[in-house]
Amino acid sequence: MSGSLDSRSTMKRYVYINDDLSKDLYCDNHISNRKYNVLNFLPKNLWEQFRRFMNIYFLLIACLELWSLITPVSPATTWGPLILIFAVSATKEAWDDYNRYLLDKQANEKEVWVVKQGVKKLIQAQDIHVGDIVWLHENDEVPCDLVLLGTSDIQGVCYVETAALDGETDLKTRVIPSACAGIASEMLHKIKGVIECPNPDNDIRRFDANLRLFPPFTDNDLCPLTINNTMLQSCYLRNTGWACGAAVYTGNETKLGMSRGVPEPKLTAVDAMIDKLTQAIFLFQIVVVVVLGTAGNVWKEIEARKQWYVLYPNEGPWYELLVIPLRFELLCSIMIPISLKVSLDIVKSLYANFIDWDQEMYDHETSTPSHATNTAISEDLGQVDYILTDKTGTLTENKMIFRRCCINGIFYGNESGDALKDPLLINAVATNSPDVILFLMVMAICNTVIPTKSKNGSIIYKAQSQDEDALVRAAAHLHLAFVNKSGNILEINLNGAVLLYEILETLEFTYERKRMSVVVKNCQTGKIILLSKGADEAILPLACSGQQIGAFVEAVEQYSQLGLRTLCLAWRELKEDEYQEWSSLFKEAKTTLVDRERRLAEVCQRLENNLEILGITAIEDRLQDGVPETIETLRKAGINFWMLTGDKQNTAMQIAVLCHFISPEPKGQLLLINGQTEDEVSSSLKKALLTMRITTSEPKDVAFVVDGWALEIVLNNYREAFTELAILSRTAICCRVTPSQKAQLVKLLKSLDYRILAIGDGGNDVKMIQQADIGVGISGREGLQAARAADYSIGKFRFLKRLILVHGRYSYNRTAFLSQYSFYKSLLICFIQIFFSFISGISGTSLFNSVSLMAYNVFYTSFPVLVSVLDKDLSERTVMQHPEIFSYCQAGRLLNPITFAGWFGRSLFHALVVFLITIHAYAYEKSEMEELSMVALSGCIWLQAFVVTMETNSFTVPQHLAIWGNLAAFYVINFIFSALPTSEMYMIMFQLCRQPSYWIAIFMTVAVGIGPVLALKYFRCTYRPTAIDILQQAEHMGRRILSLGNVNPHPRSLDEEVAPLAITQPKNCSPVYEPLLSDSPTATSRSICNNSI
Amino acid sequence: MIAMTGNGASRLLVESTDSAATIRRNSKRPKYSRFTQQELPACKPILTPKYVIMAFIIVSIIFIPIGLVTFFASGDVVEIIDQYETACIPQPYRGSQNDELNFIQSSTTNKTCQRTLTVPKNMTQPIYIYYQLSNFYQNHRRYVQDYNAAQLMDPNNVNDTTGCSPEDIANGSPIVPCGLIAWSLFNDTYNFTLNNQQLPVNKQNISWKSDRDTKFSSKVYPRNFQNGTLIGGATLDTSKSLSEQEDLIVWMRTAALPTFRKLYGKIEVDLQANDTIQVTLQNNYNIYSFSGEKKIVLSTTSWLGGKNNFLGIAYLTVGGLCFFLAMVFTVIYLFKPRRLGDPSYLSWNSNPGGH
């Protein structure tokens, strides 16, 4: 034994209980969640910030500006905003880190009772070392990961609340290892032993370790440890007087500490698009710099050398040719708006707050508000293509009610729909019919439920699985009540008589095995029996050869037709020696450190065979409120739904019909992909694909159904065909899929450039949720695991509608405007600079002074657009009535290269207008530099105000304040600067405002700049309206909007009309506008088109 | 205990979870405010034909009169322009750029030149005298910032010549005023006679008052100016402080355009139509090396400034276009009316295949 242990010793640690041996080997219990300390904060934080391309770019520009030969303006124009931006995010980081430090300090300095080398003393939590025995009292927080050694309970049981760890609020039972049973509490001070456990990992459901106590406590036997023998850091001890345990993992090496980690930041489609556009602008900038730089050098050679007054030296330095291009680079650097990142961060956190604040997404039943954990991806909600949803707990309430059963071929509950009221069954129980009693016995004790007595003497069941809860309660209702569990002894009350059973082993449920069993011994008769329950496909094949299972198959079929969840119950009597032989195998498997789960499954398989099937239970899981409506609305919005469930095909299909997932015949058509062998699967896949191709042109609701087994084959061997099917099909049902298959499907769809939203509620959905672009967790009955892993957590499925159609859509629209507008205003000022360079000898003179340039980006243009987060193009009601409008943001119609080209064109046009009017109105004797630059700047600011006004759909008070207040602030700020004698602009603004020609020029600029935009917009809104325009008009008219025609399953097949909110309407690359047609050529060309730009 | 039924257990279970929920309920519910619920009252204007047509008509109604007023204001301004850079080169030097340069750079040539201006209309005083340079890039990157504001402003900073390179130091001591702008000061001079009588030119207060008072100190005197190897433009009277050097102050208000006018002085008598003015000018300033132009301009002024037809014409054009657009929109609206907000225009409603 010891030899094999040594060979794996690299993988594990030995913890010597109550001994100093391992003290220096492992860290103490000092918790530190801090990212920085005082010394490394600045370098580390700067390093993190400089990993972004934009930041490096701006730093480079700022450094270049320090070279006075080439800088057109004072370096402060870039350094100011840059330092501001860095300071803001560094301060935020520092503040977060400081709060983490405070929390750590609180945890570290908490006092706990610890036994060190036999002496019990009160020390600070941070001084706990591996091997120390930690003493906890009721309601204490566990300071580090402990292996339980003793509790106040005689049976060695204690209860912990693990909410901080996994979010599950029910109490969990923890037991002391069998080796420690019976050790008196005062002896625990002296206990010595060694725990052999794996190196720290983050798996909070697994602890494969062994314990060996040193004499005199026990014989030198290895005792297996599981997660049930541990108390993990951050849990609370409840309902138990005291408990003590040996520290095995401490400090940041605890399971909680290891599972902390910074998740990969998700990048939204909008962010990716903005990045692409930024790169395009960057390229454009390079081109401008090269062209103007060359032109400048040429002009210098042929013209400027003749201009004696600039006094060019005949011989320049070696870098002379670079000077003018670099000047233009600096001049054009403002093309990429430095404020964009900050503005986006601000509005994104606001979007997230709107979700948190939304009262309509507050679940009264469980009193959970919606929460956006990830504050950066709200826009993606507005671009969802596919929703992959779990069934149980997500679409359904996960409130299980036992409805029907089939025992030994007899169906109960079929007439009334409730087996508990079926007189036949009640009668059978009363007459102690052995089949029925055995059936109820399995229902009552083949589980991990813990009955606890409440104060008034009634019994409350604490179950981790809702199914088990339903079964135990149903059994109790039928007068076979599971009354008490003390240690391994179960107390059952059957028709008033008390029966005692001893649990010998529990063969736990796993998603792979899909069944669980218990081995119990009847305390009266001494008979050992195996009770099993599980999915029919996991139990029925194990039936003993003599038994007819036809009736059960039929029952399963019938129940799942009704959308009920079925479980198959079975039993077998075990011989004493058979059990003993198996038990030792099982014990060995349980003590394995490597691959324990698989070995356990193998051993369990040995016992679970030759079963006698008792019957089938049927449990109803009602649909949540509003599920069909939500799905219907979202499908109208053009979102494809896939249901991924572990449930049976029939149950899944039934639920699918119930929640309008698929339409019933003849409108809907289901294509099944199944089969046992590869060939069968392949041929059914081909058939499905063929049918799908034919029917895409028809407005038919075709869905395909695939089960886990076929899916495995398909994903491994026929990926391409399945991909095509996935593109063609709006709906799919995947049943009996494992968590990793769910994640695989997400990955597959993601690879097709679709935006995937995954929604689920349980631990089996976590993988899928993490894999998807957007993960939504339902904070449901199966704990909060999914909700904690998700980007958004909501209380009910129906809130998804509001989350996507309202919050997602608004967020997308607002960001689309904000980002493009930011580029517009930067380009506007940059174009004016470029035009000015043509009349300043292409020498790279800046028309605007440093103060104006800096203030332009930071003050004059940021506030109005930030307030545009309050803008709503359509009211929430209209969007809900016309979910089809969603396809606009889904297909990215408001932010793409073409709309951007529109904004680009608009900035070019506006720059021309401002520039030409300024230089003509302020020609000859008025052409003074400072005045002319302020006229141009005022023109820009006025145009900004009107552009924002034009693009705003709904004006609230803050918006008016921001737009017009900003305009007023521009004058106030400039009056202040004009009053400073040292400023370059001394008196300029006062003089300008007194000149009629200034105001006349400004009004001219506004009229010429806005007039055509207004005319075009009006013409487009009226004569080539987009759906948004029509609905806005309809809203305005107050006309009652009626949806004509029926619900069209293909709302995205029209709308070729390109309608960017821009002056120029280039019509090439129209596939970008094709909103995700259901036929593949267009859908794929969309991604190609996107990529090529 | 024995009498306990499953029924009771389940009922109690429900109750207990309910009461637990009630306790938490109030704390977690998001607070209501119009802002957090995104329900701020908003007005949602849309572009209806009525409003848009009205807007365009209003703009045209405002713009056309303003255009007319500006146009006439500009028309009232009387302007005499005389381009003299070629005419003031003696015949032998004309034609080739080299000869022109030789003429202008030589210290021996006689640069005096006579020009005759005829007054086309009555001009009321004050009549402003400008010199106009073309193809002269005061806004050049090397030129426009080549001065030191601190030096001009404050006698304590007279030795500060940063940013004035290459005209910062001459003969080892700092130049005041330093920099290319001052160095290249315009140095043509004009003398006017009307009917053989000297016309007095007032060269006081031709610069901005703020410049005289603040930007150019009355305690800073020119020093070491135009003493270098290269002589640029005009020299300065070292006995006058910078704030009295109004030609310099005017020159140093750099122009943003390559064609610009700068104020030379004012004639404070009225001129009658058909008066002939003799201008005796010293043609000193070199614009020949870069093919520039020099003009002398006499102009009256209106409330809008000098003669500039651009704004008037632009206003009339814009006003006219707005009116035209309004008419077009009206015609289209009348002949091809379209119901706004008709849901039947919605693509998903008009889908013909929607069966």
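Chain letters run A, B, ... following the sequence lines, proteins first, then strands; residues in each count from 1. Here the structure is a predicted model, which is why all the values come from computation and not from measurement. Atoms considered below: every heavy atom in the structure, side chains included; atoms not considered: hydrogens, waters and symmetry mates.
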Trainee: Is it the backbone or the side chain of B:Gln132 that comes under 4.5 Å from a heavy atom of chain A, or both, or neither?
Mentor: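 Contact with chain A involves the side chain of B:Gln132 alone.
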Trainee: Tell me, side chain or backbone of B:Ser33 under 4.5 Å from chain A's heavy atoms, or both, or neither?
Mentor: neither
Trainee: Sort B:Lys209 into side chain, backbone, both or neither according to what part of it lies under 4.5 angstrom from a heavy atom of chain A.
Mentor: neither
Trainee: Report which part of B:Phe310 has an atom under 4.5 Å of a heavy atom belonging to chain A: side chain, backbone, both, or neither.
Mentor: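 For B:Phe310, the contact with chain A is made by the side chain alone.
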Trainee: So what's closer than 4.5 Å to chain A heavy atoms on B:Leu40: side chain, backbone, both or neither?
Mentor: both
Trainee: Who among B:Ser210, B:Gly233, B:Ser291 has the most heavy-atom pairs with chain A under 4.5 Å?
Mentor: B:Ser210
Trainee: Apply salt bridge (Lys or Arg N to Asp or Glu O under 4.0 Å) to B:Arg212 and list each qualifying residue two or more places apart in sequence or on a separate chain.
Mentor: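 B:Arg212: salt bridge (Lys or Arg N to Asp or Glu O under 4.0 Å) contacts with B:Glu246.
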Trainee: Select one option (side chain, backbone, both, neither) describing which atoms of A:Lys926 are under 4.5 Å from chain B's heavy atoms.
Mentor: side chain
Trainee: Under 6.0 Å between ring centres, would you say that holds for B:Phe290 and A:Tyr309?
Mentor: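 So the answer is yes for these two rings.
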Trainee: Between A:Tyr1018 and B:Phe329, how do the two ring planes meet: parallel, tilted or perpendicular, split at 30° and 60°?
Mentor: perpendicular
Trainee: For A:Glu984, give me all partners under side chain to side chain donor-acceptor pair (under 3.5 Å), at least two apart in sequence or on another chain.
Mentor: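 Counting only residues at least two positions away or on another chain, A:Glu984 forms no side chain to side chain donor-acceptor pair (under 3.5 Å).
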Trainee: For chain A, which candidate among B:Trp208, B:Tyr128, B:Tyr51, B:Phe35 shows the most heavy-atom pairs at distances under 4.5 Å?
Mentor: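 Of the options given, most contacts go to B:Trp208.
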Trainee: Name the region of B:Arg253, side chain, backbone, both or neither, that has any atom closer than 4.5 Å to a heavy atom of chain A.
Mentor: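 Answer is both: backbone and side chain atoms of B:Arg253 are under 4.5 Å from chain A.
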Trainee: If you count heavy-atom pairs within less than 4.5 Å of chain B, which of A:Arg305, A:Gln995, A:Glu931 leads?
Mentor: A:Glu931
Trainee: Is it the backbone or the side chain of B:Pro166 that comes under 4.5 Å from a heavy atom of chain A, or both, or neither?
Mentor: side chain
Trainee: Give, as side chain, backbone, both or neither, the part of B:Ala149 having an atom under 4.5 angstrom from any heavy atom of chain A.
Mentor: neither
Trainee: Who wins among B:Tyr333, B:Phe56, B:Tyr315 for the most heavy-atom pairs under 4.5 Å with chain A?
Mentor: B:Tyr315
Trainee: Chain A: which of B:Val144, B:Asp146, B:Thr36 shares the most heavy-atom pairs with it under 4.5 Å?
Mentor: B:Thr36
Trainee: Looking at chain A, which one of B:Val328, B:Leu230, B:Asn286 has the largest number of heavy-atom pairs inside 4.5 Å, strictly under?
Mentor: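 Sorted descending by pairs with chain A, the first entry is B:Asn286.
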Trainee: Got a salt bridge between B:Lys44 and A:Glu1035, using NZ or NE/NH1/NH2 to carboxylate O under 4.0 Å?
Mentor: yes
